[in-house]
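Before any comments, here is the structure.
In what follows, chains are A, B, ... by sequence order, proteins preceding strands, each numbered from 1.
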Amino acid sequence: MLKKKKRRKSLVFTSSINITPLMDVLTVLLFFLIKSMSVTSLDVKETEDLRLPASYIEVSAEEAVVVALSKKELLIGQEKLIPLVDNKFPKKEIGDDLRTLKSLNKVLKKKYENRMALYKDVEGADLSKVPAPKLLIQADKDLPFGLVKYVLHTVAGAGYTDYQFIIVPKN
Amino acid sequence: MRPKKKRNKHSLPDEDLNITSLMDILTTLLFFILMVMSMQKFSVLESTSLTAGEESKDNKPTFTLQVTVHSEKFANIWLGPIDKLDKKMVDKKSLYSFLKRNFEGKDKEGFSRKVEGKDLNDVINKVQTNLIAIKKGFPNEMNAVLSFRDKITYQQMIDAISGIRELGPKREGFIYRNLANQREKSKVLFPQVIIAEEGPGV
């Protein structure tokens with residue numbers, strides 16, 4: 001007679017992870033982030049040389065060309081354009097009218113022409129009715145208006161008559 | 001003997017809710033949002049260049065308001081001729097009374113006023129008080145020209161633009177009558193600010 005094999009009662013612990021609180025936290029965090037997020041490809045950075053001014057006005061920024069003037073240089077997008085010398089623009093950069101920045105004017109005019117080229121191909125398009133392109137200006141809050149006005153004058157001369165100053169909320 | 005309970009052969013089997021896929025989606029979405037989001041909020045202050053407009057071909061009288069910030073303690077307000085702007089004006093008597101008391105000039109030539117203060121905030125507050133009276137007289141006008149001396153800083157420029165556009169959070173809105181003679185309360189002054197240069201100054 002065959003001996004019956006003793007089957008050991010193996011102790012198998014089965015436990016299930018309770019992920020309900022994890023789900024709660026993730027869902028709440030997700031909703032909070034969706035509520036407070038700002039998804040924009042607009043790259044606005046503050047550095048030591050570029051501290052934005054504050055204001056209580058709250059208007060969202062739209063995608064546009066960004067011209068940044070820090071204490072050291074003038075940039076368009078991420079491209080460094082004109083370095084400042086003794087907190088002033090170099091004389092060789094200033095045009096004959098003593099107000100226009102030559103390099104900035106050249107770059108902006110090219111961008112403006114590229115934008116208008118999209119409309120020129122449209123038959124019967126009235127270019128005068130095309131809305132003026134927008135431009136974002138980022139400048140350090142301590143810079144004098146005497147320096148900023150060169151940028152404003154150049155920008156307007158290149159066709160960007162509607163500009164927007166990037167600001168941070170005033171606490 | 002108790003009759004056996006009939007089990008419905010077609011009842012749905014008990015199943016646990018499988019939330020693995022939901023967790024996957026939520027986690028992926030969470031990481032995506034964390035990667036692209038920008039916590040820092042930026043705003044913009046819109047403005048127009050003085051060179052944007054074209055010279056008017058007709059001789060229609062236009063509302064002209066200019067504020068010049070000379071320094072952080074001194075500004076100037078100039079209101080152009082208003083004698084031919086009756087159709088745009090509300091409560092003409094109050095406006096004329098205010099202008100006669102606080103400004104220099106005449107309705108055919110324009111009005112001017114110098115504003116002084118201990119700092120720029122004080123100057124802006126005083127300018128706003130005058131602009132409120134002008135806005136009550138011309139509720140539909142939105143344009144104002146703002147010019148600066150070279151030594152004004154960019155932050156001060158932004159403060160001035162903000163002050164011309166609307167009243168700050170610490171100030172109460174003002175009540176005015178619109179052209180339809182209805183009472184409205186608002187904090188908006190002249191939101192379409194046109195930037196001009198005043199020159200280096202003294």
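The 12-atom threshold is not exceeded at NZ of Lys141(A), counting heavy atoms of other residues, nucleotides or ligands nearer than 6.0 Å. Annotation for Asp96(A): atom CG does not count as buried by contact number, only 12 or fewer foreign heavy atoms lying within 6.0 Å. For NZ of Lys88(B), the number of neighbouring non-hydrogen atoms (other residues, nucleotides, ligands) closer than 6.0 Å is greater than 12. For Lys102(A), the NZ atom sits in a packed shell: over 12 heavy atoms of surrounding residues, nucleotides or ligands are nearer than 6.0 Å. Dense packing is recorded around NZ of Lys71(A), with more than 12 heavy atoms of other residues, nucleotides or ligands lying under 6.0 Å away. Other residues, nucleotides and ligands contribute more than 12 heavy atoms inside 6.0 Å of the CD atom of Glu73(A).
Going from atom CZ of Phe165(A) over to atom OG of Ser43(B) covers 14.5 Å, rounded to the nearest 0.5 Å. Interatomic distance, CD1 of Ile161(B) versus CD1 of Ile167(A), reported as 9.5 Å (0.5 Å rounding). Of the inter-residue distances, the one linking Ser47(B) atom OG with Ile137(A) atom CD1 reads 8.5 Å to the nearest 0.5 angstrom. With rounding to the nearest 0.5 angstrom, the CG atom of Leu26(A) is 6.5 Å from the CG atom of Leu26(B). For the atom pair His153(A) NE2 and Ile195(B) CD1, the distance stands at 14.5 Å (nearest 0.5 Å). Distance OG1/Thr48(B) to CG/Asp162(A): 5.0 Å, rounded to 0.5 Å.
For residues 165-174 of chain B, heavy-atom neighbours of chain A at less than 4.5 Å comprise Arg165(B), Glu166(B), Leu167(B), Gly168(B), Pro169(B), sorted by residue number.
Heavy-atom distances place no part of Leu147(A) under 4.5 Å from chain B, backbone and side chain included. For a residue to count as touching a neighbouring chain, one of its non-hydrogen atoms must lie under 4.5 Å from one of that chain's; by this rule Arg99(A) touches chain B with the side chain only.
Nearest heavy atoms, Val148(A) versus Tyr154(B): CG2-CD1, 4.0 Å. The shortest non-hydrogen separation linking Tyr56(A) to Gln128(B) is OH-NE2, 3.9 Å. Minimum interatomic distance between Ser55(A) and Ile158(B) (heavy atoms only, all atoms of both residues): CB-CG2, 3.8 Å. The two residues Met157(B) and Phe145(A) have their closest heavy-atom pair at SD-CD1, 3.4 Å. Scanning all heavy atoms of the two residues, the minimum distance from Ile57(A) to Val44(B) falls at CG2-O, 4.1 Å.
Tyr163(A) contributes no side-chain N or O that, together with a main-chain N or O of Glu46(B), makes up a donor-acceptor pair within less than 3.5 Å.
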side-chain contact (heavy atoms from CB on, under 4.5 Å) between Thr153(B) and Leu143(A), worked out = CA-CA 6 Å; Thr153(B) 65; Leu143(A) 290 175; over 6 Å; no
